[in-house]
Number of protein chains: 2
Amino acid sequence: MIKYQEIAWDIRKNILAGKYLSGEQLPLEKEMCKQYGVSRITIKKAVDELVKLGFVIKRRGSGTFVKSIDDEEAKDLSVARQFTGFTETNKGKEIRTEIVKFDIVHPDNEIAAKLQIATDDFVYDIIRVRFADEIPIVIEYTKMPINLIPGIKHDVLLKSIYFYIQCQLKLKIQSAHRSIRAILPNELEQQHLKVAGTFPLLEVEQIAFLDDGRAFEYSISHHRSDQIVFKTVSIRQ
Amino acid sequence: MIKYQEIAWDIRKNILAGKYLSGEQLPLEKEMCKQYGVSRITIKKAVDELVKLGFVIKRRGSGTFVKSIDDEEAKDLSVARQFTGFTETNKGKEIRTEIVKFDIVHPDNEIAAKLQIATDDFVYDIIRVRFADEIPIVIEYTKMPINLIPGIKHDVLLKSIYFYIQCQLKLKIQSAHRSIRAILPNELEQQHLKVAGTFPLLEVEQIAFLDDGRAFEYSISHHRSDQIVFKTVSIRQ
DNA sequence: GAGTGGTCTAGACCACCCC
DNA sequence: GGGTGGTCTAGACCACTCG
């Protein structure tokens, strides 16, 4: 295993176990070098992981300190949401997907630009509704180039497109660029999400990228506001 | 200046200038070492900055590639929103602040826990409305321990609390932990934000931290959905 | 002035990709 | 098998904080 991740995990474990308390100073980097038997750069990389996650802060000239957070916040930081950033209220629930639309079309100018393809290329045009324990959670409008992601069929959409991309096509998803807004549902969405026209939704506009840098998905998701929260940690540079 | 930041800036400049095109491979790390006259770790750190910003991706065994993004997206990545994550539509507009409430109270249990203080400590209890060119943008509910941030008066609230904390008190703001949801306004907010009861708002719940790790602010902001977007780049680990 | 974390070097070996 | 980026070392000097 990778040393710096193991060390980061170990320090994190000590913080959660209360071995290092809120506001307390961590051992010096030099001391940790001896303790774990590694060089200083490795310790630095490990602690930097914890800074990114939001557990500790570092100050040149002073030291490294555990942040003043309560147990609930610490739990939030611990769940693995580094990639998604989302916390949904449907763990362990039964997931079902309903396909509203599944066509192949030419992209308009805007979507061609966002996916960096030509307007005479083809894209899937997909609309799906996701349920957790029969409660509608989100409606997703997805456009994907058929060249990049060939062979999508109904049964793929009923499960997970991402699963298909990674496990069947053996492609790797690298990142997503997102814009988040608050909106109201249109009539179609009121029906599918079973909410009133005055029920607020969280809109997530997203471009997703493969690990060779190509954009493979442009999607807009409208989430029921009672079923989703977006959580994030921002560090000043 | 710091070498890796200068190099990151230079590569970013070349990407924006079209010297490296979408999908194109960057020079190898070894070559860049020669080109810039630095060691490989320094080049690595520079390129990692561009990965974080969303301009490029790296693949072990293959190389580093410019992401397939259009000019608009590239512009988005270029604006300095690494800390805030927000894009507001009020650049160069006249900002005004209205103070709705300004008291000192004891925190309730929840807020005491989030700020890691006792319920018999004191906190400022502030409600403000911010305008851009006389359009109401956001209503902010703020709680701050008076011990950490002493001396706040009306004129501080009319300008910027953050300016006061950093320039007057000489404290440094290190990070913020945020939760984002979609909601509807209550009656007070309908009046202050000049919107109907069915107008969606973006709620941002935030705990902010100083660079010694202490939580100095708990705030809830309700933004008019037509005036704010939250933008973010997520990288899979 | 003593001690902290930040940056940087010159080199090594490893995991992974593609031919 | 040849080449990529990822991890790691053992050391150096620097910028910053604090007494």
Side-chain angles (χ1 to χ4, degrees), chain A residues 1-11 20 23-52 55-67 166 169-172 174-175 210-214 235-237, chain B residues 1-11 20 23-52 55-67 166 169-172 174-175 210-214 235-237:
Chain A
M1 259 306 269
I2 294 168
K3 280 190 195 175
Y4 79 86
Q5 285 184 350
E6 274 181 354
I7 295 171
W9 192 257
D10 190 63
I11 299 171
Y20 306 125
E24 197 176 334
Q25 183 166 12
L26 288 191
L28 304 183
E29 294 193 347
K30 255 188 223 165
E31 293 171 20
M32 287 184 159
C33 291
K34 284 182 199 164
Q35 185 187 333
Y36 290 101
V38 298
S39 79
R40 214 184 117 213
I41 282 188
T42 304
I43 290 293
K44 192 169 142 26
K45 235 180 148 183
V47 177
D48 281 346
E49 288 290 299
L50 299 178
V51 172
K52 267 196 282 181
F55 283 104
V56 305
I57 61 97
K58 296 163 95 172
R59 252 193 318 172
R60 170 151 53 172
S62 304
T64 303
F65 300 84
V66 180
K67 269 187 179 172
Q166 295 178 96
L169 297 181
K170 306 287 181 199
L171 298 173
K172 279 185 192 147
Q174 191 262 350
S175 63
L210 296 175
D211 78 340
D212 61 359
R214 289 180 296 181
I235 311 285
R236 174 151 287 177
Q237 298 299 338
Chain B
M1 258 306 269
I2 294 167
K3 279 189 194 174
Y4 80 85
Q5 285 184 350
E6 275 182 354
I7 295 171
W9 192 257
D10 189 63
I11 300 171
Y20 304 124
E24 197 176 336
Q25 183 166 11
L26 288 191
L28 303 184
E29 294 193 348
K30 256 189 221 164
E31 292 171 21
M32 287 183 158
C33 290
K34 284 182 198 163
Q35 185 186 335
Y36 290 103
V38 298
S39 79
R40 213 184 118 210
I41 281 188
T42 304
I43 290 292
K44 190 169 145 27
K45 235 180 146 181
V47 177
D48 281 345
E49 289 290 300
L50 299 178
V51 171
K52 269 197 281 183
F55 282 103
V56 305
I57 61 98
K58 297 163 95 171
R59 251 196 319 175
R60 170 151 51 171
S62 304
T64 303
F65 301 84
V66 180
K67 268 186 180 173
Q166 295 179 96
L169 297 181
K170 306 286 183 203
L171 297 173
K172 279 183 192 148
Q174 190 262 351
S175 64
L210 296 175
D211 77 340
D212 62 0
R214 289 180 296 180
I235 312 285
R236 174 150 288 178
Q237 296 300 336

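Chain identifiers are assigned alphabetically (A, B, ...) following the order of the sequence lines, protein sequences preceding nucleic acid strands; residue numbering begins at 1 within each chain.
- At D/dG5, none of the side-chain N or O atoms of B/Lys44 fall inside 4.0 Å of OP1 or OP2 (strictly under the cut-off).
- Candidate nucleotides C/dT9, D/dG6, D/dT7 were compared by shortest atom distance to the side chain of A/Tyr4, and D/dT7 ranks first.
- Remark: B/Lys172 pairs with no residue by the salt bridge (Lys or Arg N to Asp or Glu O under 4.0 Å) rule, at least two apart or across chains.
- Contacts classified as salt bridge (charged side-chain N to carboxylate O under 4.0 Å, His left out) and involving residues 31-43 of chain A (residues at least two apart or in different chains) are given here: A/Glu29-A/Arg40.
- A search for salt bridge (Lys or Arg N to Asp or Glu O under 4.0 Å) contacts involving B/Lys3 returns nothing, not counting sequence neighbours.
- B/Lys44 pairs by the salt bridge (Lys or Arg N to Asp or Glu O under 4.0 Å) definition with B/Asp48, not counting sequence neighbours.
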Got a list of protein N/O to nucleotides 11-14 of chain C N/O distances below 3.5 Å?
none

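- For A/Asp10, the salt bridge (Lys or Arg N to Asp or Glu O under 4.0 Å) partners are A/Lys13, not counting sequence neighbours.
- Side-chain nitrogen and oxygen atoms of B/Ser62 include none within less than 4.0 Å of the OP1 or OP2 phosphate oxygen of C/dC17.
- Each of A/Thr42 and B/Thr64 was matched to the nucleotide of DNA chain D holding its nearest heavy atom; the match closer to the 5' end belongs to B/Thr64.
- Taking 4.0 angstrom as the limit, A/Lys58 places a side-chain polar atom (N or O) nearer than this to OP1 or OP2 of C/dG6.
- For the pair A/Gln5 and A/Arg59, nearest-nucleotide mapping onto DNA chain D gives the more 5' position to A/Gln5.
- Considering only side-chain N and O atoms, A/Lys45 lies nowhere under 4.0 angstrom from the phosphate OP1 or OP2 of D/dC8.
- For A/Lys30, no side-chain nitrogen or oxygen approaches OP1 or OP2 of C/dG3 to under 4.0 Å.
- Between A/Ile57 and A/Lys67, the closest side-chain pair of non-hydrogen atoms falls below 4.5 Å.
- Neither OP1 nor OP2 of C/dG6 sits under 4.0 Å from any side-chain N or O of B/Lys3.
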